[in-house]
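Have a look at the structure below before the remarks.
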Amino acid sequence: MAQWWQKAVIYQIYPKSFQDSNGDGIGDIPGIISRLDYLAGLGIDAIWLSPVYQSPGVDNGYDIADYEAIDPQYGTMADMDELIMQARKRGIRIIMDLVVNHTSDQHEWFKQARSSRDNPYRDYYVWRDGRDGNPPNDMQSTFSGSAWTYDKASGQYYLHLFAAQQPDLNWENPELRQAVYKMMNFWIAKGIGGFRMDVIDLIGKIPDAQIRENGPHLHDYLKEMRAATIGDQDLMTVGETWGATPAIAQQYSDPARHELSMVFQFEAMQLDQQAGKEKWDLMPLDHATLKAVLVKWQTELDYTAGWNSQFWNNHDLPRIVSRWGDDGQYRVKSAQMFAILLHLLRGTPYIYQGEEIGMTNHHVKSIDEVSDIESRNMYRERLAAGYSESAILHSINVKGRDNARTPMQWTDTRNAGFSTGQPWLAVNPNYKQINVTNTLREADSVYRTYRQLIKLRHEEPIITSGSFTNITNVPRTVMAYYRQANQQRWLVVANMTAETPTIDLPDTAKQLVIGNEPDSDLNLQKRVLRPYEAFVVEV
Ligand code: TEU
Ligand code: CA
């Protein structure tokens, strides 16, 4: 029997940019509540809500100062309770973002910890002596520079794998672990649907050995966490694990191991960066490699004893239609193609806000237009290292996280209907054309494809449980595969480029299940594909 989260489609909301209700230019919880009917119309089963906890906002909420309070810019705890209830009424569960690799430096624990070396909270964080006035070792922060910051008052360095304002928690401390579980139970008692666990594969870090991901006690911590919180309750968890291989993902998600429901893994998301370098060091995508990675995760993970997620976008990634599709002439076609290709794979699909209407990257001309701490730190670091400003801005335009964070485009009126005030981050000027209102009027739209895919997933068990077989004798820029369950067999074909390659398959199509060319020619022999064409046929 499939679990609810295996049959589900999950929609990610980045609250700061979804819907503002009070004109301060910042999205908020009442704004989300006002859009629940839209989400119910799309058909999604759950919302992954990026952090709404109290936070100074150095990393837009991924720096938490109080896990059991709502940040006033997003509303109140009463608003949060209302959101959980209103969503439940519509059959939608709320998945909370659990950020427990680190806190904000404004969290009470850290304030206590830094106050003196013998404070009981000192050991909640990772403190080390320096080496002759230098950091303890060479560990680097994901947001540039050393992962160690010197605390003058107490004379030691603390670890932060992200910004200096995001000190890492010390998971080796059992009291810290219990404090986290207690906080998780506070949220579970509110009736949430589960947790998305931020950079969870870092909690087993061994700083002295410079081990970040996949530390030796990681899986023990996850088992302990599960037993102390969710237990056998019907909640889902998804861990963000940049360092997962299919074998490691199997460990996390094997139900018999009692760890997580599934993970986010990012192998495909790193294919357009130079090997061994940073995401800013760009490289064109090789479609054959993308295909190979997707196939690897379909075949090397055993979906009968484990699970995976599927996504093209999130709040850290550029928009897929701009990244690997075509956000000009073929915007709608390429967005639909990526949707069909992904939603027919095994694993639970995630949709990031705006993906369902084909929102695109947002181009900036100057660093002054950039808000994200990751991009801003990198800009400073690379400028100092001698990179040209135009090269840095080019990387930011291609890969920067603000691309995904521009306000949701609801209407063609002022600020795209996101806010009556000045939005915290500029609205993409293409909102006059790309917005929800327009989309709902169109007969053929990205939105319709997503809605149809969600409906299909709910109605056709073959999508959740059918086997996967890759088809190899197709052109390199085409991905084609079979899904099969009992006597039923589906063929999925996706042309990933604007070219018009020919496929020649032995099958006879019985009927079209879904496609992005409504008049799709069902012949599969010596069949010329149209630009970004994708279809599913029963064979
Ligand atoms: O992201 C983890 C992470 O490693 C990212 O910083 C990633 O490397 C980068 O964004 C790729 O561009 C999670 C959250 O999703 C992210 O928003 C947070 O900034 C980060 O953790 C720290 O909490
Ligand atoms: Ca607001």
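Note that ligands are numbered from 1 as they come in the structure, with each ligand's atoms numbered from 1 the same way.
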Return the orientation label for the Tyr158 and His160 ring planes: parallel under 30°, perpendicular over 60°, tilted otherwise.
tilted
Where is the nearest protein heavy atom to atom 18 (C) of ligand 1: which residue, which atom, and how far?
Asp59 OD2, 3.3 Å
Note: ligand 1 atoms sitting under 4.0 Å from heavy atoms of Glu240 are 1 (O), 2 (C), 13 (C), 15 (O)
Closest to atom 3 (C) of ligand 1 by heavy-atom distance, out of Tyr62, Phe143, Phe162, Phe264, is Phe162
Lys190 atom NZ, neighbour heavy-atom count above 12 within 6.0 Å
yes
Contact with ligand 1 for Met269, non-hydrogen, under 4.0 angstrom
no
Plane angle bin for His107 and Tyr67 - parallel if under 30°, tilted between 30 and 60°, otherwise perpendicular:
tilted
Among protein heavy atoms, which sits nearest to atom 12 (O) of ligand 1, and what does the distance come to when rounded to 0.1 Å?
Lys279 NZ, 2.1 Å
Checking heavy atoms under 4.0 Å, the part of Arg212 that sits near ligand 1 is neither
Would Lys16 and Asp71 pass as an ion pair if we require N to O under 4.0 Å?
no
Indicate, with yes or no, if the rings of Tyr53 and Trp187 have centres closer together than 6.0 Å.
yes
Sole candidate of Tyr14, Phe264, Tyr352, Tyr11 that passes ring-ring contact (aromatic ring centres under 6.0 Å, His included) when paired with Trp48
Phe264
Trp410 ring centre to Arg35 NZ or CZ under 6.0 Å, with the angle to the axis within 45°?
yes
If we number the atoms of ligand 1 from 1 as shown, the ones under 4.0 Å from a heavy atom of His102 are 22 (C), 23 (O)
Ligand 1-proximal atoms of Asp316, by part, heavy-atom distance under 4.0 Å
both
Inspect the surroundings of NZ in Lys223 and state if more than 12 heavy atoms from other residues, nucleotides or ligands are less than 6.0 Å away.
yes
Mark yes when over 12 heavy atoms from residues, nucleotides or ligands other than Glu175 sit less than 6.0 Å from its CD; otherwise mark no.
no
Closer than 3.0 Å to the Ca ion (ligand 2) - protein N, O or S atoms, ordered by chain and residue number:
Asp20 OD1, Asn22 OD1, Asp24 OD1, Ile26 O, Asp28 OD2
min-distance protein heavy atom vs atom 9 (C) of ligand 1 -> Glu374 OE2, 3.3 Å
Nearest protein heavy-atom contact for atom 7 (C) of ligand 1: which residue, which atom, what distance?
Trp242 CZ2, 3.6 Å
Provide, to 0.1 Å, the distance between atom 14 (C) of ligand 1 and the closest protein heavy atom, together with that atom's residue and name.
Asp198 OD1, 3.0 Å
re atom 10 (O) of ligand 1, the protein heavy-atom contact at minimum distance is Arg401 NH1, 3.1 Å
Is there a donor-acceptor contact under 3.5 Å linking the side chains of Glu355 and Tyr450?
yes
Taking heavy atoms and a distance under 4.0 Å, where does Lys399 meet ligand 1: side chain, backbone, both or neither?
neither
Assess the pair Tyr125 and His102: is the distance between their ring centroids shorter than 6.0 Å?
no
Just distances here: any N/O of Thr142 and N/O of ligand 1 closer than 3.5 Å?
no
Aromatic ring centroids of Tyr387 and Tyr379 under 6.0 Å?
no
Are the side chain of Gln273 and the backbone of Lys277 linked by a donor-acceptor contact shorter than 3.5 Å?
yes
